[in-house]
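See below for the structure under consideration.
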Amino acid sequence: MASSSIKAISPFKASSSPSTQPPSSSKPSLLSFLHTSSSNPISLKLSHSHSHAHNSHSHSFLITNVLKTADSSETSVSKSQNLKPTSSDSTPTILVSEKLGEAGLQVLRGFGNLECAYNLSPEELCAKISTCDALIVRSGTKVTRQVFEAAKGRLKVVGRAGVGIDNVDLQAATEFGCLVVNAPTANTVAAAEHGIALLTAMSRNVAQADASIKAGKWLRNKYVGVSLVGKTLAVMGFGKVGSEVARRAKGLGMNVISHDPYAPADRARAVGVDLVSFEQAIATADFISLHMPLTPATAKVFNDETFAKMKKGVRIINVARGGVIDEDALVRALESGVVAQAALDVFTEEPPPKDSKLVQHENVTLTPHLGASTKEAQEGVAIEIAEAVVGALKGELSATAVNAPMVPPEVLSELSPYVVLAEKLGKLAVQLVAGGNGITSVRVVYKSARDPDDLDTRLLRAMITKGIIEPISASFINLVNADFVAKQKGLRISEERVAVDSSPGFPVDSIQVQIYNVESKFASSVSESGSISIEGKVKYGEPHLTCLGSFGVDVSLEGNLILCRQVDQPGMIGRVGNILGNDNVNVSFMSVGRTVQKKALMAIGVDEEPNKRTLEKIGKVPDIEEFVFLNL
């Protein structure tokens, strides 16, 4: 049957409605909170095709979201009506509460009234903030809920001169309609250079030899180093800093490999880097340079188990986050000789304890978190945050925004259970992906009885993006920055709307997420088209998984989940249940879905994560063909 395909070209991906300009009679939607610049209108391309629909009365609306670069003639600038531009007769007041580079201050002076007030107490900041339209801080100023309350609605934007935003209450900022922006790119080169500095200093024992000479010794034979030429460097995390480290290491004659589940393979190949699995990277590298964010998935990912898989004599550099290394395990690896040397700029606790065995170890080179500490980087951060704040005060959406503009309560109320479903589907889907090629293509299918104009899916798409990217990324994903971050990660998301005969009182009947061109950890999740495919619904107000690959299931998406594909025969549930019970793992539910080939998919909800030994026992049960553990 006939279907319509609409392609929108915009720096922020279009919604799945057939038009980005809804008629005046349309109901309020999230579109009303974003508008485009009239000087660069969105370019729409309409085409028609024929495809099989859900039923004989359904229509499919396919939106392929294409992102153009800043120099494209078809690029438009999206703005948020929630961030109202300051009127021409009212000059904004910008408060800078910590020292900022002069180049950034000049940008701010050229736009508004600049006030620099350093070392303010919390009480002094609250007293002053009600007269300010913008606030710029570094890490020392705590922007709490009390600050937003004291602003009485005047504060429009908070700028963090740096990457981390732990000192800003994001929830309060969003509630009070205040945009929060940071400066994540200006220190990229500085951090990469420091990584290379530690790499070369460690390999030639520079710090130890320097201390030896200053102690009156001359130990040439003791401090014989190792050459970098021809050695393999594993870059763990191929983001901005990691890719710059790779470029520089190639210039030193090193063979560079990388592990990053979201890095596009073609971008890595362009600089002569091969993307590999985590296990291959740590097993083959002579040097390992860490450039991954600290998330629940990466916390202490370098531990006794991973060190045991490394080549004996490996050398480790960390200019990312201290918490990704189990520091006690690193000391043990150094003592055993598995790790020959380590060079660290970051620590789990900063500053680290003076009596730390890691700090005192002779084969460890240390610096006090100097990755971004160059004059050029500090000036760059100042300019980047100043331009982001000025742009926000003009009403522009910032590419570095880390929170969402306010959304009408009635819209959030209706979509809230589907928002939870969307994020959990994304989180589940990414855990099913195996291999080191990265995720580049995702397709989302919304089944709904509603007219396409009556549902804006951007928030749902943002939450799917959040579920896919956030578990192993430092990015904060929301309605404002989801599409921008997806583009940075090389992730292309297409959306399809399928009309079904269900109640129009519910915005969405079901959501299907498909990931293409990847391998799966769980073969049963692969559909006939070759993609990882999962589908879910909201039932009784809670998110449920209803389809995995070709298996129909009914699984509550809460807590932890064990999926097992098995031969469909009596006693299987009892065997697995006994294993979990004997190891004190509480089962919250079990569900079994069948296929005509006498295969069954057993889904088991558990309250806590089973240990490795328990999971191995499940895998050894006869007639269980494969299984996977998923944390939801």
Side-chain angles (χ1 to χ4, degrees), residues 261 278 294-301 303 305-306 323 326 417-434 463-464 466-473 511 513 515 520-526 532-549 551-566 572-593 600-621 624-632:
F278 182 89
L294 178 60
T295 70
T298 62
K300 294 187 177 181
V301 69
N303 49 41
E305 184 177 353
T306 49
D326 182 333
Y418 302 93
V419 165
V420 176
L421 172 64
E423 181 178 359
K424 286 186 177 292
L425 288 176
K427 189 174 182 180
L428 189 155
V430 74
Q431 291 181 72
L432 293 170
V433 176
M463 297 309 290
I464 291 170
K466 177 184 178 76
I468 291 174
I469 294 178
E470 267 197 3
I472 61 169
S473 170
I511 301 174
V513 177
I515 302 180
S520 176
K521 294 179 182 176
F522 191 65
S524 300
S525 66
V526 178
I532 292 176
S533 179
I534 59 174
E535 186 171 346
K537 292 186 175 185
V538 171
K539 290 185 168 185
Y540 313 109
E542 299 296 332
H544 281 67
L545 179 68
T546 57
C547 188
L548 180 80
F551 287 88
V553 295
D554 186 7
V555 177
S556 175
L557 292 177
E558 296 295 334
N560 302 307
L561 187 64
I562 300 173
L563 298 176
C564 303
R565 187 184 70 194
Q566 64 192 54
M572 297 300 293
I573 293 178
R575 294 180 196 174
V576 176
N578 284 334
I579 292 172
L580 294 171
N582 291 337
D583 287 350
N584 295 316
V585 178
N586 190 54
V587 175
S588 56
F589 66 83
M590 280 191 176
S591 174
V592 177
L601 181 70
M602 178 165 52
I604 308 164
V606 292
D607 292 338
E608 55 275 318
E609 181 175 351
N611 60 41
K612 185 177 180 181
R613 183 172 57 87
T614 301
L615 293 174
E616 287 176 348
K617 288 181 183 177
I618 294 174
K620 292 178 181 178
V621 171
I624 286 184
E625 298 174 340
E626 62 171 342
F627 77 97
V628 66
F629 173 79
L630 303 169
N631 187 326
L632 299 176

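Note that these values count all heavy atoms, side chains included, but never hydrogens, waters or copies made by symmetry.
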Report task. Report the C-alpha separation of Lys427 and Leu557 in whole Å, then their side-chain angles, then the decisive distance to 0.1 Å, and conclude whether the side-chain contact (heavy atoms from CB on, under 4.5 Å) test is met. Result -> CA-CA 10 Å; Lys427 189 174 182 180; Leu557 292 177; over 6 Å; no
Requested in this report: Taking side-chain hydrogen bond (donor to acceptor under 3.5 Å, both in side chains) as the test, write out the residues that go with Gln431, two or more places apart.
Outcome: none
Query - Partner set under side-chain hydrogen bond (donor to acceptor under 3.5 Å, both in side chains) for Asn631, not counting sequence neighbours - result: none
Report task. Please assess Ser556 against Glu542 for the test side chain to side chain donor-acceptor pair (under 3.5 Å), listing each intermediate value before the final yes or no. Result -> CA-CA 7 Å; Ser556 175; Glu542 299 296 332; 5.9 Å; no
Query - Pair listing, side chain to side chain donor-acceptor pair (under 3.5 Å) test, anchored in residues 600-612, at least two apart - result: Glu305-Lys612, Asn586-Asp607, Asn611-Thr614
Student check: side-chain heavy atoms of [X] and [Y] closer than 4.5 Å:
X: Leu580; Y: Ile618; answer: yes
X: Asp583; Y: Lys617; answer: yes
X: Leu563; Y: Ser524; answer: no
X: Val420; Y: Val538; answer: no

Nearest 0.5 Å please: distance from the [atom1] atom of [X] over to the [atom2] atom of [Y].
X: Lys424; Y: Ile534; atom1: NZ; atom2: CD1; value: 12.0 Å
X: Leu425; Y: Met463; atom1: CG; atom2: CE; value: 11.5 Å
X: Lys539; Y: His544; atom1: NZ; atom2: NE2; value: 6.0 Å
X: Asn560; Y: Leu630; atom1: CG; atom2: CG; value: 9.0 Å
X: Leu615; Y: Ile579; atom1: CG; atom2: CD1; value: 10.0 Å
X: Leu545; Y: Lys537; atom1: CG; atom2: NZ; value: 12.0 Å

Non-hydrogen atoms of [X] and [Y] that approach each other most closely:
X: Ala297; Y: Pro471; value: CB-O, 3.2 Å
X: Ile515; Y: Ala429; value: CD1-CB, 3.7 Å
X: Val553; Y: Cys547; value: CG2-N, 3.8 Å
X: Ala434; Y: Lys521; value: CB-CG, 3.5 Å
X: Cys564; Y: Phe627; value: SG-CB, 3.8 Å
X: Leu294; Y: Ala299; value: CD1-CA, 3.8 Å

So, the side chain of [X] versus the backbone of [Y]: is there a donor-acceptor pair under 3.5 Å, distance only?
X: Ser520; Y: Leu432; value: yes
X: Ser525; Y: Ile532; value: no
X: Gln566; Y: Met572; value: no

Query raised in the report: Do Val576 and Ile624 pass the side-chain contact (heavy atoms from CB on, under 4.5 Å) test, and can you show the C-alpha distance, the side-chain angles, and the key distance before you say yes or no?
Result: CA-CA 10 Å; Val576 176; Ile624 286 184; 3.7 Å; yes
Query raised in the report: For Lys300, does the NZ atom sit with more than 12 other heavy atoms under 6.0 Å from it, leaving out its own atoms?
Result: no
Report summary line: The residue among Ile511, Val419, Val555, Leu421 that forms side-chain contact (heavy atoms from CB on, under 4.5 Å) with Pro543 is Leu421
Requested in this report: List the steps and the verdict of side-chain contact (heavy atoms from CB on, under 4.5 Å) for Leu601 and Phe522.
Outcome: CA-CA 11 Å; Leu601 181 70; Phe522 191 65; 3.5 Å; yes
